[in-house]
S.K.: 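My structure is below; once you've seen it, I'll send some questions.
In this chain, numbering begins with 1 at the start of the sequence shown. Just so it is clear, the values below take in all heavy atoms, side chains as well, and ignore hydrogens, waters and symmetry mates.
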Amino acid sequence: SHSWCPAPLCRGRALPAPPPGPACALGRPLRWASSFSQPGPTESDPSEGQVFLSESCVKRLLEITEGSEFLRLQVEGGGCSGFQYKFSLDTVINPDDRQGQRGGARVVVDVDSLAFVKGSMVDFSQELIRSSFQVVSNPQAEKGCSCGTSFSVKF
């Protein structure tokens, strides 16, 4: 049972979105938001996809977010290795977003970006000259660059 639908099924529909049918999970509560509380990743459905939050990420998010704010993670083309991670604070959940949470901190990833980051961990790294959110141990990435913001994809 897929809790999110493959992008081609959802894309290109006329707005406003039609009532969700069996093919599409729009409008239903997102199922994998609760999978963080289960022990370990569920192996039954690898395409389910989720992102994990490190303790330092949770701690930092709780410091900087207010009210309904959450951290949005997007994957964009570009960077020195072909793809790059982009982090921003957001308050608007879109129909194709998937969200995960831990300890009250929330990270939201759109379904296209999720394909590139599922199984990875979002970490907050505090170094001498800069501090930043980073995606670490991304199973979809082949090689990253030293700056930690861009990566290439395994084929």
S.K.: Could you work out, with ring-ring contact (aromatic ring centres under 6.0 Å, His included) as the rule, every residue matching Phe116, not counting sequence neighbours?
M.R.: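 Phe116 satisfies ring-ring contact (aromatic ring centres under 6.0 Å, His included) with Phe83 once adjacent residues are dropped.
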
S.K.: Does some side-chain heavy atom of Tyr85 sit less than 4.5 Å from a side-chain heavy atom of Asn138?
M.R.: yes

S.K.: Taking only residues two or more places apart in sequence or in another chain, which ones pass salt bridge (Lys or Arg N to Asp or Glu O under 4.0 Å) with Glu127?
M.R.: none

S.K.: Got a sec, which residues hit side-chain hydrogen bond (donor to acceptor under 3.5 Å, both in side chains) with Ser56, two or more places apart in sequence or on another chain?
M.R.: Ser54, Asp123

S.K.: Apply side chain to side chain contact (heavy atoms under 4.5 Å, CB included) to the pair Asp110 and Asn94, showing each step before the final yes or no.
M.R.: CA-CA 8 Å; Asp110 65 85; Asn94 301 315; over 6 Å; no

S.K.: Holding to side chain to side chain contact (heavy atoms under 4.5 Å, CB included), I want the full list of residues that pass it with Thr65, two or more places apart in sequence or in another chain.
M.R.: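 Once residues adjacent in sequence are excluded, the partners of Thr65 under the side chain to side chain contact (heavy atoms under 4.5 Å, CB included) criterion are Leu61, Glu69, Leu89.
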
S.K.: Please test Ile93 against Arg98 for side chain to side chain contact (heavy atoms under 4.5 Å, CB included), starting from the C-alpha separation and ending with a verdict.
M.R.: CA-CA 9 Å; Ile93 303 264; Arg98 302 292 171 263; over 6 Å; no

S.K.: Is any side-chain heavy atom of Ser113 less than 4.5 Å from a side-chain heavy atom of Lys86?
M.R.: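 A side-chain contact under 4.5 Å is absent here.
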
S.K.: How close do Ser120 and Pro139 get, heavy atom to heavy atom, and via which atoms?
M.R.: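 Answer, listing the atom of Ser120 first, then Pro139: N-CD, 3.7 Å.
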
S.K.: Salt bridge (Lys or Arg N to Asp or Glu O under 4.0 Å) with Glu55: which residues, sequence neighbours excluded?
M.R.: Arg102

S.K.: So which atom in Val109 and which in Leu114 form the shortest heavy-atom distance, rounded to 0.1 Å?
M.R.: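 Reported closest heavy-atom pair: CG1-N, 3.5 Å.
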
S.K.: Can you check side chain to side chain contact (heavy atoms under 4.5 Å, CB included) on Gln140 and Val117, steps first, answer last?
M.R.: CA-CA 6 Å; Gln140 321 310 320; Val117 296; 6.0 Å; no

S.K.: Which heavy atom in Phe133 sits nearest to a heavy atom in Phe87, and how many Å separate them?
M.R.: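 Scanning both residues, the minimum pair turns out to be O-CE1, 3.3 Å.
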
S.K.: Can you find a heavy atom in the side chain of Ser131 that is under 4.5 Å from one in the side chain of Ser125?
M.R.: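 Result no, sub-4.5 Å side-chain heavy-atom pair not found.
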
S.K.: For Glu66, enumerate each residue passing the side-chain hydrogen bond (donor to acceptor under 3.5 Å, both in side chains) test, keeping only those at least two apart in sequence or located in another chain.
M.R.: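 If we apply the side-chain hydrogen bond (donor to acceptor under 3.5 Å, both in side chains) test to Glu66, skipping adjacent residues, there are no hits.
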
S.K.: Are the side chains of Val108 and Leu73 in contact, using a 4.5 Å heavy-atom criterion?
M.R.: no

S.K.: Which pairs pass ring pair (Phe, Tyr, Trp, His ring centres under 6.0 Å) with one or both residues in residues 56-78, sequence neighbours excluded?
M.R.: none

S.K.: Would Leu71 and Val122 satisfy side chain to side chain contact (heavy atoms under 4.5 Å, CB included), going step by step from the backbone distance to the final call?
M.R.: CA-CA 10 Å; Leu71 183 70; Val122 178; 4.1 Å; yes

S.K.: Quick one: list whatever passes salt bridge (Lys or Arg N to Asp or Glu O under 4.0 Å) with Asp90, sequence neighbours left out.
M.R.: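 Expected list: Arg72.
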
